[in-house]
Amino acid sequence: MSSTLASTNEIILDVDGLQKRYSDGTLAVQEITLDVRAREFVSIVGPSGCGKTTLLKTICALLAPTQGEVKLHGRKISEPPPQMVLVFQDYARSLFPWLTVMGNVMFPLKRRRDMSASEKESAAQRAIEAVGLTRFSKHFPWQLSGGMQQRVAIARAVAFRPEILLLDEPFASVDALTRADLEDLTLHLRDEFGITMLLVTHDIDEAVYLSDRVFVLSAPPSTVLEQIRIPLQQPRDQVRTRSEPGFLELRNHIHGLIGKRKDDAMKSFVLPEAAPTLTLEGETVP
Amino acid sequence: MKRIFNRGNASAILTVVVLLAAWEIVARIMKSVYVPPVSTIATTFVHEWFSPTFGQQAIPSLYRMVVGYFFASVVGITIGIVIGSSKAMYRLLDPVLQFLRAIPPTAIIPVGILLIGIGDQMKMVVIAFGSMWPILINTADGARLVPAERLDTARNFGLTPFETLLRVIVPSATPMIAAGMRTGLSIAFIMIVVSEMIGSTDGLGYYILSAQRTFAIPEMYGGIALLAILGYLLNAGFVWAEHRVLAWHYGQTARPV
């Protein structure tokens, strides 16, 4: 799957002028407009606390928007559609501890009438295999490491056969090596199952590495600062992709977008000489 | 698998032996009718309880307790789930329940006698009333504190509210339900003794009180000892069953998540 191919695919998800104000008056999401094409990998990056989780929950209709609308295949949605499944950051809280890995993956399939019992079984097994947990299907989630638990949550989502997977910082609470594994797993699942991915993250490098397109959000109340196409070579590779000159350019550009606003806010207490060399992660810009 | 006589058990048994021996010695020195030696109590205990007396006195108590406790569990869990999973019901019923809960359950025994008489039903109702509260309150908390991600997951996968109740809320609440049921069990035990002391012609509460009134002092202590043993066994049986049913919960909390 190349990004050029993806860019010609039809738009399946259309988010138009989405606004979310909480009942206490807090404006979490000011106005977000974005679109996602079939089999595309789209990321939304922004500073922490910019309402990314709220945005995802509003997109999949777990929360009702105060303004704007979400269209799936051109049709406005108001209830969580089965074509979209959300993977939460906190796997320990979204998995069911009284069910085994197999039980968790079967959980959403059990009530489906469009699949026979054996189809459900094999869909679950295939999903578990795709995330590399076949040996652990009889284990309970809490017997597994954090990264493996997140794989269970991903397998559960994939087995349900959604068109779009919404990923809410799914790799934020695992170590760096596990994180790289999980990143590549999502790329692999996109190709194997043809699932479109919409990821929110605060990690700019991760967004650039994974995505065909990145939407950069402002601090809350959030809006889209810029939409960036990522024309890096496919398939992506942790070492090669991250050392492409284009990769560094793109990530620095995004850092600049987010960092500039942060610098503006920080100028009052950071020394003038020190400020320009600081980025979000505290690294020195070449 | 587990050895019965490990180091912890051995020292616990030693403590019991020392205490009983101390009682025996003190009682023999005091020579009081009111504090018979352990050996006398033990002889009476064996004589009384390994006889039809067990069927006449202990079985009625256990029967009332089981029935009362069963109703307490059914009603407590049902109302608890309803209140815990619906904010509207919670707001509506919580003040009333907090008030009713504040009534010491023994205080409703006169009401029970007035309305139902002194038969088995009165005792069952009183037991049910007393042991229902911890079950209800814990169940409601368990149902209310289900992580939002679990409920969102259920909605995301298109579960109906009823399916969510059965497949997510109830299983999530089971550890709290079990904790409430355990507290309820000990309250049921208190209520059975008290209700049988006030209006009864059989049962362990009745037996202990009438033994005291007829100066059958070793029998009185023997009845108390039987209550202690039954209470201990019931609780141990409950814990055993709980650890089997909730293996996932104990497995999960035994490790750092």
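Every chain is numbered from 1 and lettered A, B, ... according to where its sequence line falls, protein lines coming before strand lines. Keep in mind that what you see is a predicted model, and the values were worked out from it rather than measured.
Heavy atoms of B:Leu151 lying under 4.5 Å from chain A are absent altogether. Neither the backbone nor the side chain of A:Leu109 comes within contact range of chain B; no heavy atom of the residue lies under 4.5 Å from a heavy atom of that chain. When heavy atoms are compared at a cutoff of 4.5 Å, B:Thr174 does not approach chain A at all. There is no contact between A:Ala153 and chain B, counting heavy-atom distances below 4.5 Å. Both the backbone and the side chain of A:Arg156 come within less than 4.5 Å of a heavy atom of chain B. Contacts between B:Val168 and chain A at a heavy-atom distance below 4.5 Å involve backbone atoms as well as side-chain atoms. The part of A:Glu79 that comes within reach of chain B is its side chain, from C-beta onward, which places non-hydrogen atoms under 4.5 angstrom from that chain.
Contact annotation for residues 61-83 of chain B against chain A (heavy-atom separation below 4.5 Å): no residues qualify.
Within a 6.0 Å radius of NZ in A:Lys110, no more than 12 heavy atoms belonging to other residues, nucleotides or ligands are found.
Between chain B and the residues A:Pro141, A:Pro97, A:Ala157, the largest count of heavy-atom pairs under 4.5 Å involves A:Pro97.
Atom OG1 in A:Thr53 sits 10.5 Å away from atom CG in B:Asp152 (nearest 0.5 Å). In this structure, the separation between CH2 on A:Trp142 and NE2 on B:His249 is 11.0 Å, given to the nearest 0.5 Å.
Aromatic ring centroids of A:Phe160 and B:Phe157 lie under 6.0 Å apart.
For the pair B:Arg155 (side chain) and A:Leu62 (backbone), a donor-acceptor distance under 3.5 Å is present. Looking at B:Asn156, its side chain never comes within 3.5 Å of a backbone N or O of A:Cys60 through a donor-acceptor pair. Judged by distance alone, with hydrogens and angles left aside, the side-chain atoms of A:Arg111 form no donor-acceptor pair with the main-chain N or O of B:Glu163 at under 3.5 Å.
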Please assess B:Val245 against A:Trp98 for the test side-chain contact (heavy atoms from CB on, under 4.5 Å), listing each intermediate value before the final yes or no. CA-CA 10 Å; B:Val245 176; A:Trp98 58 89; over 6 Å; no

Show your working on side-chain contact (heavy atoms from CB on, under 4.5 Å) between B:Glu149 and A:Gln89 and close with a plain yes or no. CA-CA 9 Å; B:Glu149 285 88 344; A:Gln89 175 182 354; over 6 Å; no

Check step by step if side-chain contact (heavy atoms from CB on, under 4.5 Å) holds for B:Thr153 and A:Phe96. CA-CA 10 Å; B:Thr153 300; A:Phe96 303 111; 4.3 Å; yes

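What you find for B:Arg150 and A:Arg93 is that their closest heavy atoms are CG-O, 3.0 Å.
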